[in-house]
Amino acid sequence: MESTNLTLNEPVTVLESVDPWLEDGHLTVEEAYTRYMKMYDITPDTHIPWIVRLIENPASPLPLSGAVTLYHHDIIHCLLGRGLTNADEAFVIGFTMGSVPSLKKIEVAWFRFASRYLYPGKFRLTKMEVNIFLEAVRLAKATNGLHSLEDFNPHQYLKMSLPEVRQMLGIPVQHLTYTMFPDK
């Protein structure tokens, strides 16, 4: 990866490979997770607001379909090749929810409303990010052979390669936008 400062009318190389999915193909899930945590400087003590935990945490009394632990969620980021912008978060949550066969329309509507109007500060989604969430739900629902990302146990896949796990779970990388770039 080339590191440059952005200036007007100056081209920037973000990724050397034509196919970014090949860039992380040599990594195990565990290695990808470690890289992700380091790349984005994520720590276990990250504060998650109560409203987000209420909706997105499986231990909550009111979790939506697709609610997974933070660790599980971060593994899904790696499997989907997504970074840490709000658009990436919207996509990961939408794709995870959409992978759950029992997802109800009311759950999608509730997340759409809560993330747009109730989530605080940096957790709040814009109208565009909510649309990304909705598109991710639709993509997951339309993907034949996609396993429920809510139900898979990330611990059993840690030593396997990312491409192998993506294939086992039915994640269609050819239909996804890769936004998480490897640290070279």
Side-chain angles (χ1 to χ4, degrees), residues 5-6 14 20 24 29-30 32-143 146-155 169 171 175-183:
N5 292 328
L6 293 176
V14 177
D24 68 10
V29 171
E30 185 174 44
Y33 173 76
T34 300
R35 181 189 71 174
Y36 171 81
M37 297 298 282
K38 183 178 179 183
M39 184 185 319
Y40 293 107
D41 196 26
I42 301 170
T43 59
D45 62 347
T46 300
H47 173 71
I48 307 295
W50 70 270
I51 185 75
V52 175
R53 288 192 319 265
L54 182 70
I55 294 171
E56 298 181 32
N57 187 329
S60 162
L62 302 171
L64 295 179
S65 292
V68 294
T69 66
L70 193 52
Y71 172 75
H72 193 152
H73 174 81
D74 290 339
I75 294 287
I76 295 170
H77 269 271
C78 297
L79 292 171
L80 299 180
R82 300 307 293 223
L84 208 54
T85 67
N86 271 5
D88 290 319
E89 288 295 337
F91 186 87
V92 169
I93 294 166
F95 198 83
T96 303
M97 286 178 73
S99 74
V100 178
S102 61
L103 177 67
K104 295 177 180 42
K105 288 180 182 181
I106 190 72
E107 292 178 287
V108 172
W110 172 237
F111 180 82
R112 183 179 177 183
F113 174 80
S115 65
R116 181 82 174 102
Y117 299 106
L118 302 179
Y119 278 20
K122 69 179 184 178
F123 293 88
R124 183 169 291 168
L125 301 183
T126 65
K127 183 177 179 181
M128 179 196 73
E129 291 159 351
V130 168
N131 287 336
I132 290 170
F133 160 77
L134 293 171
E135 287 302 313
V137 169
R138 278 192 275 274
L139 175 61
K141 285 287 178 209
T143 300
L146 178 63
H147 293 259
S148 172
L149 297 181
E150 169 186 74
D151 294 334
F152 93 97
N153 176 358
H155 297 285
L169 295 175
I171 296 171
H175 298 299
L176 303 178
T177 300
Y178 194 101
T179 63
M180 186 173 68
F181 300 109
D183 187 12

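- The line from CD of E129 to CZ of R124 is 11.5 Å long, rounded to the nearest 0.5 Å.
- For the side-chain contact (heavy atoms from CB on, under 4.5 Å) with L125, the lone residue among I93, N86, N131, I132 that qualifies is N86.
- Of all heavy-atom pairs between E107 and S65, the closest is OE2-N, 2.7 Å.
- Judged by distance alone, the side chain of T179 and the main-chain N or O of G83 form a donor-acceptor pair under 3.5 Å.
- For the pair L103/V137, a side-chain contact is recorded, criterion being any heavy-atom separation below 4.5 Å from C-beta on.
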Take E56 and M97 through the side-chain contact (heavy atoms from CB on, under 4.5 Å) test and state the conclusion after the steps.
CA-CA 10 Å; E56 298 181 32; M97 286 178 73; over 6 Å; no
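- Of all the heavy atoms in A59 and N57, the pair that sits closest is N-OD1, 2.8 Å.
- Summarising the geometry, atom CZ belonging to F95 is positioned 4.5 Å from atom CG belonging to L146; distances are rounded to the nearest 0.5 Å.
- F113 meets the side chain to side chain contact (heavy atoms under 4.5 Å, CB included) test with W110, Y117, L118; sequence neighbours excluded.
- Taking CG of L139 as the start and CZ of F91 as the end, the distance is 5.5 Å to the nearest 0.5 Å.
- Distance check, rounded to the nearest 0.5 Å: CG of L64 to CG of L62 gives 8.5 Å.
- In summary, the aromatic rings of Y71 and H155 are positioned with their centroids under 6.0 Å apart.
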Could you check I42 against L84 for side-chain contact (heavy atoms from CB on, under 4.5 Å), going step by step and ending with a plain yes or no?
CA-CA 10 Å; I42 301 170; L84 208 54; 3.9 Å; yes
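- When each of R82, H73, K122 is checked for a side-chain hydrogen bond (donor to acceptor under 3.5 Å, both in side chains) with E89, only H73 meets the rule.
- Between F123 and I51 the shortest side-chain heavy-atom distance does not fall below 4.5 Å.
- Across all non-hydrogen atoms, the minimal contact from A67 to P63 is CB-CB, 3.7 Å.
- Atoms CD1 and CZ, on I48 and R53 in that order, are 8.0 Å from each other to the nearest 0.5 Å.
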Test side-chain contact (heavy atoms from CB on, under 4.5 Å) applied to I75 and Y36, step by step:
CA-CA 9 Å; I75 294 287; Y36 171 81; over 6 Å; no
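- The distance from atom CG of D24 to atom SG of C78, rounded to the nearest 0.5 Å, is 8.5 Å.
- Residue A140 comes nearest to G98 through the heavy atom pair CB-C, 3.4 Å, listed as atom of the first residue, atom of the second, then distance.
- Minimum heavy-atom separation, V130 to R116: CG2-CD, 3.9 Å.
- Ring pair F133/F111 is tilted by interplanar angle, where 30° to 60° counts as tilted.
- In this structure, the side chain of K141 engages the main chain of V100 through a donor-acceptor pair within 3.5 Å.
- Taking the six-membered ring for Trp and the full ring otherwise, F152 and H147 have centroids separated by 6.0 Å or more.
- Listed by chain and number, the residues in a salt bridge (charged side-chain N to carboxylate O under 4.0 Å, His left out) with D74 amount to none (sequence neighbours excluded).
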